[in-house]
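Inspection log for the structure reproduced underneath, given as structure tokens.
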Amino acid sequence: MFKIIEKDGSAKRGSFETVHGTIQTPVFMNVGTAAAIKGAVSTVDLKEIGTLVELSNTYHLHVRPGDEVIYKLGGLHKFMNWDRPILTDSGGFQVFSLAGLRKIKEEGVTFQSHVNGQRIFMGPEESMQIQSNLASTIAMAFDECPPSVAERSYVEDSVARTTRWLSRCRTEMDRLNQQERTINKNQMLFAINQGAIFPDIRKEHAKIISDMKFDGYAIGGLAVGESHAEMYSMIEATVPFLPKDRPVYLMGVGTPENILEAVERGVDFFDCVYPTRNGRHGHVYTNQGKLNLFNAQYETDDRPIEEGCQCPACKNYSRAYIRHLLKAKEMLGMRLPVLHNLYFYNKMMEEIREAIENHTFYEYKKKKLEGMKQK
RNA sequence: GGAUGGAUUCCCGAGUGGCCAAAGGGGGCAGACUGUAAAUCUGUUAGCAGCGCUUUCGAAGGUUCGAAUCCUUCUCCAUCCA
């Protein structure tokens, strides 16, 4: 159940009820593809840095350790000791990112495992079965994510196929949720809108999938090479045609700026590898802009990443120390920036929620963006 | 005291007459990354702002149109024999 608590322009402050607790939106889901936040971050750490939702991946967990293994162990929540909501991505993005290792047909996609080269078939039904075994809170529909530069005729065919896949996902998920063996019989399912950078295709697709019964609606296939302006205008072309009583999830986005712009345009859910990947690479977010802790200027910088930050890294360690750890390739050198970045994102979402409630979202956004431009 | 093998750009190390400011690796410096095949990838690393020019391959001389590469002497290092 999605409830809109407050609105500030198109920006929404909402709550989304799930069997694993209520999600306060807008929310940033912390990405842990293989049932782990990369950078040696545990689910115990996630509680400390304010993570509300964890995100894992269907394809990756199917390949290793295998969804049947996780099913036997009682589902993903028990497996990784996390009691808050988990969203599983369907493997649709891997159709895109593992290009070269796959073949797309009407029934589904044949992948070649990146782990051992084994051929794997995944279609809408398989993706739902795997996600049902994983027993995540929210499952994502199985889609194709065409590149933003794809030709119109290809995108039209691809989107039409994604629509057919969506309805097969819906049917299969309904069936699975009624099965006795199913761990989470209330598993929710989000649809995915596609259409590359063609606003009319996006709009038509949004209308069609709105009539199908889904618990939430995602905008996929963005932030894959197109400009920010194009991305924002695709959001604008899509959101108005999605159901008002369902949350909107912008997949894979993005930078703090992207998120602020998207919240303003009515998006509720986000996820992105940036805070984790950038963290591992020594890039950290602050209200004064991004820092690359590898840079020589931090060699003797005794300050925390950000003055006053309450994250585990800033409360205890200096930039100079973290730089040393990074240069020495110590695991802690990746862990501390990741903790900081996720804390930064989670905290920003908290501030966004508060700002919408207080109808000060625009001021908040403006101030945040100006601050971050300093560097 | 004698014999042999070495000394290369920040480090290791290739190069045995011109295509060499010199391979490759490391280190350094910087950049990229948006539903994670990412602890990954890219650029750069003698000087000058440049076609280019100037200084570099232990040191000093020499041979040659041309030398990191050949010759002479010296210095230092390693191993072996006394």
Side-chain angles (χ1 to χ4, degrees), chain A residues 28-41 53-61 63-64 87-102 111-117 120 127 131 136 138-148 190-194 216-228 230-232 249-259 261-262 267 269-283 285 290 292-299 323 325-338 341 345:
Chain A
F28 179 79
M29 301 184 282
N30 293 197
V31 180
T33 302
I37 307 282
K38 292 184 195 296
V41 173
V53 183
E54 194 271 350
L55 183 150
S56 288
N57 184 275
T58 300
Y59 164 78
H60 287 277
L61 292 175
V63 169
R64 184 171 51 196
L87 181 141
T88 42
D89 186 26
S90 62
F93 188 71
Q94 279 59 44
V95 175
F96 166 73
S97 68
L98 297 176
L101 289 184
R102 49 79 172 151
F111 287 87
Q112 209 167 350
S113 161
H114 68 283
V115 176
N116 61 10
I120 297 164
S127 178
Q131 295 186 74
S136 57
I138 301 167
M140 292 307 299
F142 187 70
D143 67 329
E144 185 196 340
C145 174
S148 61
F190 279 22
I192 304 175
N193 168 268
Q194 289 288 356
Y217 287 83
I219 302 173
L222 290 180
V224 289
E226 80 286 357
S227 70
H228 283 178
E230 285 170 320
M231 176 166 89
Y232 300 145
Y249 164 27
L250 180 59
M251 305 185 80
V253 174
T255 65
E257 183 187 340
N258 292 158
I259 290 174
E261 295 294 343
V267 176
F269 281 58
F270 297 90
D271 83 280
C272 187
V273 305
Y274 266 161
T276 42
R277 185 185 287 166
N278 280 335
R280 271 177 283 133
H281 298 168
H283 288 72
Y285 294 90
K290 229 165 84 178
N292 180 355
L293 293 179
F294 269 102
N295 288 172
Q297 60 176 305
Y298 304 116
E299 189 174 23
R323 174 179 142 90
L325 295 174
L326 284 162
K327 302 232 73 145
K329 296 184 165 60
E330 286 292 337
M331 237 196 279
L332 189 58
M334 286 189 275
R335 178 176 145 82
L336 294 173
V338 169
N341 284 347
Y345 267 68

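Both backbone and side-chain heavy atoms feed into the values below; hydrogens, waters and symmetry mates do not. From a predicted model like this one, the values you see are computed outputs, not experimental measurements. Order of the sequence lines fixes the chain letters, A, B, ..., with proteins taken first and strands second; residue numbering starts at 1 for each chain.
Atom-to-atom, CZ of A/Arg102 to C1' of B/A37 comes out at 14 Å; the value is rounded to the nearest Å. Atom P of nucleotide B/C29 and atom CG of A/Leu293 are separated by 13 Å, given to the nearest angstrom.
Contacts of A/Tyr59 classified as ring pair (Phe, Tyr, Trp, His ring centres under 6.0 Å), with partners at least two apart in sequence or in another chain: A/Phe111, A/His114. Looking at residues two or more places apart in sequence or on another chain, you find a side chain to side chain donor-acceptor pair (under 3.5 Å) between A/Asp271 and A/Tyr249. Every residue meeting the side chain to side chain donor-acceptor pair (under 3.5 Å) condition with A/Glu230, not counting sequence neighbours, appears here in chain and number order: A/Ser227. Not counting sequence neighbours, the partners of A/Arg335 by the salt bridge (Lys or Arg N to Asp or Glu O under 4.0 Å) test are A/Asp45. Residues passing the side chain to side chain donor-acceptor pair (under 3.5 Å) test with A/Ser127, sequence neighbours excluded: A/Gln131.
For B/C11 and B/U79, the C1' atoms lie 24 Å apart once the distance is rounded to whole Å. For the P atoms, the distance from B/U9 to B/G58 is 8 Å, rounded to whole Å. Rounded to the nearest Å, the gap between the C1' atom of B/U55 and that of B/G47 is 7 Å. For the P atoms, the distance from B/C57 to B/A46 is 15 Å, rounded to whole Å. The separation of B/A78 from B/G27, taken at their C1' atoms, amounts to 26 Å, rounded to a whole angstrom. Comparing B/U69 with B/U63, their P atoms are spaced 15 Å from each other, to the whole Å. Nucleotides B/U44 and B/G26 place their C1' atoms 15 Å apart, quoted to the nearest Å. Between B/G15 and B/C81, the two P atoms lie 29 Å apart (nearest whole Å).
B/A30 and B/U42 make up a base pair, with Watson-Crick or G-U wobble contacts both under 3.5 Å. A 3.5 Å limit on both hydrogen-bonding distances identifies B/G6 as the Watson-Crick or G-U partner of B/C76. In this structure, B/A82 forms no base pair with any nucleotide, since neither Watson-Crick nor G-U wobble geometry is met with both distances under 3.5 Å. B/U69 makes up no base pair with any nucleotide shown, lacking Watson-Crick or G-U wobble contacts both under 3.5 Å.
Between the side chains of A/Asn30 and A/Tyr345, no donor N or O sits under 3.5 Å from an acceptor N or O.
Annotation: the span from A/Met251 atom CE to A/Asn193 atom CG amounts to 11.0 Å, rounded to 0.5 Å.
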- Query: When every nucleotide of nucleotides 31-36 of chain B is labelled 5' to 3' by its protein contacts under 4.0 Å (heavy atoms), B for base, S for sugar-phosphate only, - for none, what sequence of letters results?
  - Reply: SBBBBB
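In this structure, A/Lys327 does not reach the B/G27 phosphate: none of its side-chain N or O atoms is under 4.0 Å from OP1 or OP2.
Contact annotation for A/Leu250: no contact, since no heavy-atom pair falls under 4.0 Å across all strands.
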